[in-house]
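The next block holds one structure in the form of structure tokens; read it before the comments.
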There are 2 protein chains.
Amino acid sequence: MKKAAARPPGRPRGFDVDSALDAATQVFWARGYSDASLDDLTAAMAISRPSLYGAFGDKQALYLKCIARYRGWVLGAIGATLADAADPPNALRRMFAEAIALYTAPAPEPRGCLLASASVSEAPLSPESRESVALALASVEAVLADFFHRAGLAPDGAAERARLTATFLYGISGRARLGVNAQILRDDVGRFVALLDWGRRGPAPIDADRDNIA
Amino acid sequence: MKKAAARPPGRPRGFDVDSALDAATQVFWARGYSDASLDDLTAAMAISRPSLYGAFGDKQALYLKCIARYRGWVLGAIGATLADAADPPNALRRMFAEAIALYTAPAPEPRGCLLASASVSEAPLSPESRESVALALASVEAVLADFFHRAGLAPDGAAERARLTATFLYGISGRARLGVNAQILRDDVGRFVALLDWGRRGPAPIDADRDNIA
DNA sequence: CTTTTTTCATACCGATCGATACGAAATCAT
DNA sequence: ATGATTTCGTATCGATCGGTATGAAAAAAG
């Protein structure tokens, strides 16, 4: 039906847009925004500078496209793994295991999470970048909250566990980028999942002296 | 005894080294390594380029000095707060509260943890940078393990809680840099501390289906 | 064919990067 | 005083940065 829309006039593009975006994502992921030069990007994407600008706009626009693409990919992967509601704790562990495998894959350096890196290197960028990353984080939390809710927790308790889990995942990502062994990360995940109390339908109990914080 | 060693020959330095390092740390903290230009640094440090190079070496050496200085400062602060063993959960919460206050202080943007930022922006740097940051993370975990051990946990359990807590702190830092409200972060800390079981002297219990991960 | 439209390759732009050469200024030693 | 030594201000270096002008190449339309 809506196939390739025949072919538009003019010289056809000599590269695949999605593949080029994937290659650019790898560069940004490994080197961060500022350290990814246009030479690095065009070399990895195997296109010329004018092609890059014609297809994606400037460097920041390309970066935002990579972020959005990565966000969608991650959300899909997390959602798919957490869809199995038969054994919630095990589903959560599998989600973490997949994330750890992604974060520690040698490429050639451990990378952590692209969104975590983006949250640091967006310093010189526009507020759009921060909003894009914050949106991704909020989306992950939403997927997790839905998961915990389906696992039997009340909305409040589910939202709390979602934030805790997202925070922990963020920490796992950072330690992965620092080179922490994947097995250690998996062990930590096991302890974390074990510590979450899945039975309660409300918020977890709070110590009496909690108000001493402030 | 070992006072200021009289005064060395030559023109005396016109600025305070520690103050300059503090100013440089602020710049690196806010902008990351690559985005902190020498103009930014010299402007914040109120010194000229040759003075910077004469006193600290090149940009990377200055960065490593800032990292080491920050690491020592953080370790001291964490150690001091966790020294109070009267009420371990409360001491841990105070430590987190201080960290959150540091991470979310407007300056003018929320900054998170310098070490977390460093773990991302050390891409173009030498392995020295990664080792310095990894050392800092290990030191934090060591301080936390000692704290949990003093709180009554067995060495294994203490080390596990230390890794979990360090990971969670890392995650808090990242969310802080993304602009998450400090009160939400404090609430999450409250839940996290409540979830840790302080009574047990051994490792936390693990679900039976743990081996399904691999 | 010619015309039109889009992509692509080369070469280049001004700006900014990290780093330094040079000499004046400031202090100690004599 | 003079010389030695170190710091500091200015001015600048070559390299690299992100971004672009120009024209050839490749397709559809006439």
Side-chain angles (χ1 to χ4, degrees), chain A residues 3-21 23-25 27-28 30-67 118 121-126 128-129, chain B residues 3-21 23-24 27-28 30-67 121-126 128-129:
Chain A
K3 199 61 184 301
R7 187 192 282 169
R11 176 173 174 176
R13 194 166 269 148
F15 62 94
D16 181 65
V17 172
D18 287 336
S19 301
L21 275 180
T25 302
V27 176
F28 282 129
R31 306 172 76 93
Y33 177 79
S34 297
D35 290 320
S37 70
L38 284 183
D39 284 337
D40 295 329
L41 291 167
T42 54
M45 301 164 83
I47 65 177
S48 66
R49 284 164 115 94
S51 298
L52 189 155
Y53 277 80
F56 305 107
D58 61 5
K59 183 183 177 183
Q60 176 167 333
L62 173 64
Y63 186 63
L64 291 178
K65 283 185 171 63
C66 290
I67 294 288
S121 57
E122 33 73 22
L125 270 57
S126 65
E128 301 169 296
S129 171
Chain B
K3 200 61 184 301
R7 188 192 282 167
R11 176 173 173 174
R13 196 165 268 148
F15 62 95
D16 181 65
V17 172
D18 288 335
S19 300
L21 275 180
V27 176
F28 283 129
R31 306 174 76 93
Y33 177 79
S34 297
D35 290 321
S37 69
L38 284 183
D39 284 338
D40 295 330
L41 291 168
T42 54
M45 301 166 82
I47 65 176
S48 67
R49 284 164 119 95
S51 298
L52 189 155
Y53 277 80
F56 305 107
D58 62 5
K59 183 183 176 183
Q60 176 168 331
L62 173 64
Y63 186 62
L64 292 178
K65 282 184 172 61
C66 290
I67 295 288
S121 56
E122 36 68 27
L125 269 57
S126 66
E128 302 170 296
S129 172

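Reckoned from all heavy atoms, side chains included, excluding hydrogens, waters and symmetry mates. No experiment lies behind these values; they were computed from the predicted model shown.
Between the CZ atom of B/Arg49 and the CG atom of B/Leu38 there is a distance of 5.0 Å, given to the nearest 0.5 Å. Between A/Thr25 atom OG1 and A/Ile67 atom CD1 the span is 8.0 Å, to the nearest 0.5 Å. Here the CZ-CD1 distance, from A/Phe56 to A/Ile47, works out to 5.5 Å after rounding to the nearest 0.5 Å.
Contacts between residues 47-58 of chain B and DNA chain D, counted as heavy-atom distances below 4.0 Å, involve B/Ser48, B/Pro50, B/Ser51.
Residues B/Gly10 and B/Arg13 each lie close to DNA chain D; by heavy-atom proximity, the contact nearer the 5' end of the strand is made by B/Gly10. Taking for each of B/Ser37 and B/Pro12 the nucleotide of DNA chain C with the nearest heavy atom, the 5'-most of the two is the partner of B/Ser37.
Rounding to whole angstrom units, NZ of residue A/Lys59 and P of D/dG19 are separated by 8 Å. Per the geometry, CG belonging to A/Leu62 stands 10 Å off P belonging to D/dG19, to the nearest Å. One atom, CG of A/Leu41, and another, C1' of D/dG19, lie 13 Å apart when rounded to the nearest Å. What separates CG of B/Asp35 from C1' of C/dG18 is a distance of 14 Å, to the nearest Å. Rounded to an integer number of Å, the gap from A/Leu38 CG to D/dG19 P is 6 Å. Here the P atom of nucleotide C/dA11 and the CG atom of A/Asp39 are 15 Å apart, to the nearest Å.
Nearest heavy atoms, A/Ala44 versus A/Val27: CB-CG2, 3.4 Å. Listed here is the closest heavy atom pair of B/Val17 and B/Arg13: CG2-NH1, 3.7 Å.
Remark: B/Arg11 is not in phosphate contact with C/dA25, judged by side-chain N or O atoms under 4.0 Å from OP1 or OP2.
Cation-pi geometry between B/Lys59 and B/Tyr33 is satisfied (NZ or CZ under 6.0 Å from the ring centre, within 45° of the ring normal).
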